[in-house]
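Just so it is clear, the model here is predicted, and its values are computed rather than measured. Letters go in sequence order (proteins before strands), and every chain restarts at 1.
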Amino acid sequence: MASEFAVELRDVVKKFITPEGNELNAVDHVTMQIKNGEFFSMLGSSGCGKTTSLRMIAGFEWPTEGEVYIEGKPMGHTPPFQRKVNTVFQSYALFQHMTVFQNIAFGLEMEGADKNEIEKRVKRALEMVQLTGMERRKPKQLSGGQQQRVAVARALVKVPDVLLLDEPLGALDLKLRKEMQLELKALQQQLGITFVYVTHDQEEAMTMSDRIAVMSKGKVQQMGTPVEIYERPANRFVADFIGESNFLEGTIKSLSKEEAVVFVPQLNAELTGIPVSDGLVNGEEVTVSIRPEKVHISDKVLDVNSFTGRVTNTVYIGTDTHVFVDLMGKQIKVFEQNRISRLDPGSFYSIGQEVILVMWPDNVLVLKKG
Amino acid sequence: MNPYRRHPVIQIATVLVYIFLYAPIVVLILYSFNASRTNVTFEGFIPRVSERVEMKGSLVQAAPCGAFHWFCELSKNDDVIEAAGNTLTIAFASTFVSVIIGTMAALALQRYEFKLKPFSQLSLYIPIVIPEIVMGIGILTLFSQLFGLLNGALGLTGDSRLSLGLGTVIVSHIAFSVPFVTLVVQARLQGFDKSYEEAAMDLGANEWTTFRRVTFPMILPGILSGGLLAFTLSLDDFVITFFTNGPGSTTLPIYVYGLLRKIITPQVNALSTVWVLTVFIAVLLLQMLQSREQKQH
Ligand SMILES: Nc1ncnc2c1ncn2[C@@H]1O[C@H](COP(=O)(O)OP(=O)(O)OP(=O)(O)O)[C@@H](O)[C@H]1O
Ligand SMILES: [Mg+2]
């Protein structure tokens with residue numbers, strides 16, 4: 001393989017003219033480097049430009065500005081049938097008038113493979129997705145999950161450098177989706193092919209990906225491993241979009257190399273000892289964020305970042321209890337794991353009860369504004 | 001069980017509809033076996049073999065065809081054979097061309113955006129809604145003006161002059177068939193997801209292979225029904241053909257109309273019977289083909 005990166009987007013912009021006649025940057029100066037053999041996901045809510053980015057890699061759309069590179073080569077206006085990437089479509093797009101065998105063989109026929117070779121490779125592809133014996137069926141005679149597997153087999157039989165998948169599990173029910181997630185991941189590891197996966201489901205992205213690009217409004221908000229994205233969100237959008245977060249507005253009161261003290265007017269209190277990254281200045285207005293499961297409920301006031309509040313609501317959801325605490329008019333969400341046995345967790349905290357919340361400095365994040 | 005199925009009113013209505021639809025055809029077929037050559041009343045089935053019947057003013061031995069007398073007569077009628085040949089030639093040629101033009105038009109209207117698109121779409125309906133007679137006169141005027149000009153300009157005389165004939169009928173049939181084909185194919189394309197074509201290209205097929213292997217087979221049912229529509233429209237078109245035909249390009253509807261103005265012999269009925277049966281068998285075959293196709297899916 002010539003290049004370190006299987007796919008690279010350099011400063012790519014895609015403009016569309018909407019039916020209303022406005023110009024829209026569906027993809028807005030996106031730069032991404034997807035490494036060889038990586039399971040890479042694009043994650044974002046509806047309309048953020050995931051599909052458009054993927055379609056530019058496949059060659060169905062051309063960038064308005066910037067360039068897409070595959071294996072280090074600039075793609076320009078190379079048509080899809082000359083790119084060594086294959087796509088699994090959200091709707092599968094299986095050819096209805098062909099059998100499963102013919103669907104999978106199609107791509108090999110286009111390469112000019114001979115009959116024996118086609119038969120051998122289709123057979124192997126079917127084994128890979130556990131559909132042996134279904135050759136003669138038409139797509140309509142398969143269940144959703146089976147159709148999905150045919151779509152994967154049809155793309156993978158070509159042994160592409162990169163496999164593009166656009167919400168391939170969107171149409172499946174939850175249980176099957178979870179199974180397929182693991183299967184796809186296992187398949188990717190076994191084949192070592194680069195997967196570029198589009199989804200709006202953060203759990204799916206977290207489960208499967210080596211790295212994730214979180215997108216919003218055509219821009220990449222953050223790119224990193226699932227742990228990085230969850231534990232070190234780059235901004236408020238990512239902290240809010242991935243998992244849940246409590247946000248507090250504040251100003252930096254004092255700053256050392258590693259730590260900061262943030263004054264939070266809402267609580268009329270200071271959060272001390274908070275680890276910081278570069279680029280912050282004294283007096284800067286910042287957003288402080290802390291995950292609900294990282295807020296600790298204590299029975300006594302500790303000497304760091306302890307606040308007394310009142311329980312306004314509790315929700316029992318099995319694995320956790322969600323406790324909503326009012327801190328001087330600011331609602332803080334706390335997830336408490338249900339480690340206790342036999343006890344009725346609902347009675348653990350009663351509404352109106354006074355509790356002490358502790359925000360350990362290491363669990364608090366300082367996010368720049370804007 | 002469907003509770004409405006056995007209601008007597010519905011049963012009666014059904015029977016009435018069938019009578020209304022098919023009684024004329026049954027009568028028509030019956031009269032093609034009529035003993036009477038004027039065909040005003042039914043006078044029993046045609047000549048028992050030994051009987052003598054009057055034909056063309058003289059008494060002759062009844063044909064060996066028996067009850068199929070008028071069919072035999074028909075088969076000896078060169079004018080009918082020629083008209084049938086013309087009708088089929090025109091129908092096949094105009095269907096073939098209008099299916100190609102109509103399919104291309106439908107595809108273009110589906111995938112491209114252009115300034116005059118709303119106009120193009122609207123213009124499809126014009127030939128359908130304007131009275132056929134207006135279109136017939138229009139086409140005739142066009143041809144005669146055009147031919148007049150060309151004949152003058154090229155100095156054509158005598159037999160080499162451009163004039164009405166098979167060609168003009170075919171062209172006019174193409175003109176009124178294209179909108180029908182386009183609309184039928186368009187309806188089929190409505191549900192056609194462009195991701196099928198993208199999938200084909202993604203798998204390595206170029207534009208032409210994609211069309212041949214994926215798009216065409218998927219819209220084929222639409223193309224076939226459009227073609228069938230064009231074919232039947234051409235087969236029984238009278239008005240436009242009336243204006244645009246010339247010597248040697250008489251079609252069956254025009255020929256039958258000509259006969260009716262003289263005398264109606266059961267020959268006309270025999271002709272109609274053959275016609276109805278042919279269409280019936282064709283439709284039956286098509287149905288069988290389609291249901292086999294569906295079973296495969
Ligand atoms: N062909 C097009 N013409 C005009 N606008 C388009 C076109 N394709 C996409 N868009 C717009 O570009 C934006 C991004 O679309 P895109 O399909 O990439 O979103 P997405 O992230 O895949 O969303 P989803 O999760 O809903 O699939 C949307 O606002 C969409 O309306
Ligand atoms: Mg999408």
More than 12 heavy atoms of other residues, nucleotides or ligands under 6.0 Å from CZ of A:Phe16: is that the case?
-> yes
Return the option, out of A:Arg55, A:Met110, A:Arg137, with the maximum number of heavy-atom pairs under 4.5 Å with chain B.
-> A:Met110
Checking B:Glu197 against chain A: side chain, backbone, both or neither under 4.5 Å from a heavy atom?
-> neither
Specify which of A:Arg83, A:Arg154, A:Gln82, A:Glu111 makes the most heavy-atom pairs with chain B at under 4.5 Å.
-> A:Arg154
Residue B:Ile133 excluded, over 12 heavy atoms near CD1 under 6.0 Å = no
Within 6.0 Å of OH in A:Tyr69, more than 12 heavy atoms from elsewhere = yes
Would the number of heavy atoms belonging to other residues, nucleotides or ligands and lying under 6.0 Å from NZ of A:Lys120 be above 12?
-> no
So, the part of B:Ser195 with a heavy atom under 4.5 Å from chain A: the answer is both
Residue pair A:Phe95 / B:Arg213, side-chain heavy-atom distance below 4.5 Å | no
Please name the pair of heavy atoms, one in B:Ala205 and one in A:Phe81, separated by the smallest distance, quoted to 0.1 Å.
-> O-CD2, 3.3 Å
Sort A:Ser91 into side chain, backbone, both or neither according to what part of it lies under 4.5 angstrom from a heavy atom of chain B.
-> side chain
With chain A, the option among B:Glu198, B:Glu207, B:Met218, B:Met201 that has the most non-hydrogen atom pairs under 4.5 Å is B:Glu198
Side-chain touch B:Asp193/A:Phe89, heavy atoms, less than 4.5 angstrom | no
Return the option, out of A:Ala93, A:Pro160, A:Pro79, A:Gly107, with the maximum number of heavy-atom pairs under 4.5 Å with chain B.
-> A:Ala93
Heavy-atom check, side chain of A:Phe60 versus side chain of B:Asp202, under 4.5 Å | yes
Please indicate whether B:Tyr18 has more than 12 foreign heavy atoms, meaning atoms of other residues, nucleotides or ligands, lying under 6.0 Å from its OH.
-> no
Write down the atom of B:Leu203, the atom of A:Lys158, and the distance for their closest heavy-atom approach.
-> O-NZ, 2.7 Å
Honestly, the part of A:Gln90 sitting under 4.5 Å from a heavy atom of chain B is neither
Can you say whether A:Leu94 sits under 4.5 Å from chain B via the side chain, the backbone, both, or neither, judging by heavy atoms?
-> backbone
Might you confirm whether atom CZ of B:Phe238 has over 12 heavy atoms from other residues, nucleotides or ligands at distances under 6.0 Å?
-> yes
